[in-house]
Each structure stands twice: as C-alpha cells, then as structure tokens.
Amino acid sequence: AVTRTFSIIKPDATRRNITGAVTKMLEEAGLRVVASKRIRMTREQAEGFYAVHKDRPFFGELVEFMMSEPVVVQVLEGEDAVKRNRDIMGATNPAEAAEGTIRKEHALSIGENTVHGSDSEENAKIEIDFFFSEDEIVG
Ligand code: CMP
C-alpha cells in the first residue's frame, strides 16, 4: 500500500550542502517528497522529538547536534514507505551500512548520520504530526 513516513536531513548534511544529493537518493528509491521545510530546531523540538532517548548517554549530544545547524524535515510517500526509507538510509552506524545506502555514502559517524527515518508506521504518524499540519502535506 502507498503509505507515508517521516524523514529528517540532519545538520551534518545541511552543513555540507548535500540536501539535494540526499533527496535524490530518496526519490530514486521510489519515495516522493510530499512535504518539506528547512527549519532550525529549537531545544524544545529536539528534546520533544527524541524524548524516547532521554535516558540514553548520548541524549545531550544528540539534542545539541540537532540544534547546531538547520535541518530539512520531510514527509515521504510511496509503496511501503517506512521500510523503503529504512532500506535506502542504511544502518544507524555508517560502519555497518550497506553499499549504496545514504548513510554508507554520506554519514560521518553514528551521531552525524545524515538522515533520520521513522522506524514504524505508528511512529511515522506521530513524527509527521510533530512537525506538519495536514494542509502542509500535498500528495
Ligand atoms: P536517529 O534515527 O535520528 O534516532 C536516534 C539517533 O541517536 C540516531 O539516529 C543516532 O544519530 C543517534 N545515536 C544513536 N546512537 C548514538 C551514539 N552511540 N552516539 C551518538 N548518537 C547516537
């Protein structure tokens, strides 16, 4: 079925001016960008978005990183979008990411790993709602 997922092009990518290169890989994987905006995350947004990780040792570093440069938040649509996006992103740790994936090609480290993608349909909906209203999504 055609579904939606949520994606973030992270600060390490905006800093290196590769948001187009990353988006091209998403599009070539069969995903369509149906909403997109470049934002500077506030602390409140970064802490709220990553609240599930608040007890992890890297939480502080993660929040600071996500606030450090602009990000591009996107809604992606396509056949089985969550899985399709996870496949093209590759493993969280770029050292473990498969050839041809975004993280293999572009990520710098497990923290500076270029993209975020929802890990389930349920979280996709929550994450889309966190950054977008329905009228901003144009399929
Ligand atoms: P993301 O998919 O955005 O979800 C949580 C993020 O935490 C993850 O990608 C990584 O960028 C980050 N992360 C996970 N493990 C570590 C780690 N050991 N050190 C720093 N950041 C991490």
Side-chain angles (χ1 to χ4, degrees):
V2 172
T3 56
R4 289 173 178 173
T5 191
F6 175 75
S7 171
I8 305 176
I9 304 178
K10 295 188 179 185
D12 65 283
T14 58
R15 189 175 77 225
R16 288 178 289 154
N17 201 27
I18 57 170
T19 65
V22 171
T23 301
K24 183 165 190 271
M25 291 179 79
L26 297 171
E27 290 178 342
E28 284 174 352
L31 293 161
R32 180 175 292 269
V33 180
V34 295
S36 183
K37 58 190 173 190
R38 183 174 171 106
I39 62 168
R40 171 82 69 160
M41 267 199 204
T42 63
R43 180 172 302 278
E44 191 175 37
Q45 283 175 317
E47 289 182 348
F49 183 78
Y50 281 120
V52 296
H53 296 303
K54 69 177 185 309
D55 296 326
R56 303 280 198 102
F58 57 80
F59 181 69
E61 184 188 322
L62 174 60
V63 167
E64 293 301 327
F65 170 60
M66 294 304 288
M67 295 170 57
S68 68
E69 296 277 344
V71 300
V72 180
V73 290
Q74 297 177 318
V75 180
L76 308 176
E77 197 172 86
E79 193 66 35
D80 209 357
V82 170
K83 179 176 189 306
R84 197 174 279 257
N85 186 41
R86 291 185 75 72
D87 287 349
I88 190 61
M89 284 196 299
T92 302
N93 183 350
E96 292 161 13
E99 274 315 315
T101 61
I102 292 169
R103 285 165 170 164
K104 174 70 181 186
E105 221 120 294
H106 294 296
L108 303 176
S109 66
I110 193 166
E112 297 196 317
N113 64 353
T114 310
V115 278
H116 165 84
S118 307
D119 64 3
S120 67
E121 303 251 338
E122 189 189 0
N123 284 334
K125 188 176 170 8
I126 293 166
E127 293 178 357
I128 289 168
D129 288 347
F130 193 90
F131 285 105
F132 290 98
S133 58
E134 195 54 43
D135 64 282
E136 291 178 299
I137 305 170
V138 183

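Whatever order the structure lists ligands and atoms in, that order sets their numbers, starting from 1. Just so you know, these numbers come straight off a predicted model, no measurement behind them.
- For ligand 1, none of its N or O atoms has an N or O atom of Glu61 under 3.5 Å away.
- A donor-acceptor pair under 3.5 Å is formed between the side chain of Glu136 and the backbone N or O of Ser133.
- Between Lys104 and Glu99, at least one side-chain nitrogen of the basic residue sits less than 4.0 Å from a carboxylate oxygen of the acidic one, meeting the salt-bridge criterion.
- Summary of contacts: the protein heavy atom closest to atom 19 (N) of ligand 1 is Phe58 CB, 3.5 Å.
- Using a 4.0 Å cut-off between charged nitrogen and carboxylate oxygen, Arg43 and Glu64 count as a salt-bridge pair.
- Looking from atom 2 (O) of ligand 1 to the surrounding protein, the closest heavy atom is His116 ND1, 3.1 Å.
- In terms of polar-atom proximity, Gly117 is not counted as a contact of ligand 1, lacking any N or O under 3.5 Å from an N or O of the ligand.
- For a threshold of 3.5 Å applied to N or O pairs, the pair formed by Tyr50 and ligand 1 contains at least one separation below that value.
- Interface atoms of ligand 1 facing Asn113, defined by a heavy-atom separation under 4.0 Å, are 9 (O), 10 (C), 11 (O).
- Salt-bridge annotation for Arg16 and Glu105: absent, with no side-chain N of the basic residue lying under 4.0 Å from a carboxylate O of the acidic one.
- Taking every heavy atom of Arg103 and a limit of under 4.0 angstrom, the matching atoms of ligand 1 come to 2 (O).
- Residue contacts with ligand 1, taken as heavy atom pairs separated by less than 4.0 Å, do not involve Met66 at all.
- Aromatic ring centres of Phe49 and Phe6: separated by under 6.0 Å.
- Heavy-atom neighbours of Arg15 CZ from other residues, nucleotides or ligands within 6.0 Å: above the threshold of 12.
- When heavy-atom distances to ligand 1 are checked against a 4.0 Å cut-off, Ile110 comes that close through both its backbone and its side chain.
- Ranking the protein heavy atoms by distance from atom 9 (O) of ligand 1 puts Lys10 NZ, 3.2 Å first.
- The line from CG of Asn85 to CG of Asp80 is 11.0 Å long, rounded to the nearest 0.5 Å.
- Atom NZ of Lys37 sits in a crowded spot, with more than 12 heavy atoms from other residues, nucleotides or ligands closer than 6.0 Å.
- Here His53 has side-chain heavy atoms under 4.0 Å from ligand 1, and that is the only part of it that gets that close.
- Nearest protein heavy-atom neighbour of atom 21 (N) of ligand 1: Gly111 CA, 3.6 Å.
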